[in-house]
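Everything on this sheet refers to the single structure shown next.
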Amino acid sequence: AQSVSQHNHHVILSEAASLELGCNYSYGGTVNLFWYVQYPGQHLQLLLKYFSGDPLVKGIKGFEAEFIKSKFSFNLRKPSVQWSDTAEYFCAVIPMDSSYKLIFGSGTRLLVRP
Amino acid sequence: SAVISQKPSRDICQRGTSLTIQCQVDSQVTMMFWYRQQPGQSLTLIATANQGSEATYESGFVIDKFPISRPNLTFSTLTVSNMSPEDSSIYLCSVRTDYNYGYTFGSGTRLTVV
């Protein structure tokens, strides 16, 4: 079945550590890709998005993601995390044949220890 | 981007009753969506709320269980009918806010059915 997979359900890091969260999707056609973040008690917020062009996308708060088409992946990275990055991170995909429906991965809970 | 007010923020309901969740947007939007996030799981699209016509439901969701209204371009309601404990979830309203597939989310309604 078509899906979005996030392999890490829980990640614990110390401040200043590097972060990489995996995201793979199984849609074969053209896709738009997103990473959302949900800080404790807050709304879902858009971190970054990829539609076309440079596969390395930079978002807010120092996050970036790389689209690797051959691997159907869109991994999220940050060189040095902060305690304030503690949140849940969701990868999401719009398959371009889906009438604008945003399909989410299962999410990754990140805890950054001071 | 649009600002979404979602009410109630949380509720505890008896099984067999119904709850209506409201989603108010501060600007006119064409596309509104309702999502469900069950405990420990991903966000699942319930339906697309269409202004002036019936909502479009995803596989596994039916109008009798989740009736949706969309009387205008700034407001929608989702009703969870004849509730059971399995309906305990967070329900989120989302709107598409710009051509580049920007989606904004409400803060969610945390529903517990006892």
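By convention in this document, chain letters (A, B, ...) are assigned in the order of the sequence lines, proteins followed by strands, and residues within each chain are numbered from 1. For the numbers below, each heavy atom of this structure counts, side chains included, while hydrogens, waters and symmetry mates do not.
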Would you confirm whether the ring centroid of A/Phe104 sits within less than 6.0 angstrom of the ring centroid of B/Tyr35? yes
Report which part of B/Leu43 has an atom under 4.5 Å of a heavy atom belonging to chain A: side chain, backbone, both, or neither. both
For the aromatic rings, using the six-membered ring if either is Trp, is the centroid distance between A/Phe72 and A/Tyr27 under 6.0 Å? no
Pi-cation contact, A/Phe63 with A/Lys78 (under 6.0 Å, within 45°): yes
Considering only heavy atoms and a distance below 4.5 Å, find which of A/Gly41, A/Ala92, A/Gly105 pairs most often with chain B. A/Gly105
Proximity of B/Phe105 and A/Tyr36 rings by center, below 6.0 Å: yes
Check whether B/Glu58 gets within reach of chain A through its side chain, its backbone, both or neither, counting any heavy atom under 4.5 Å. side chain
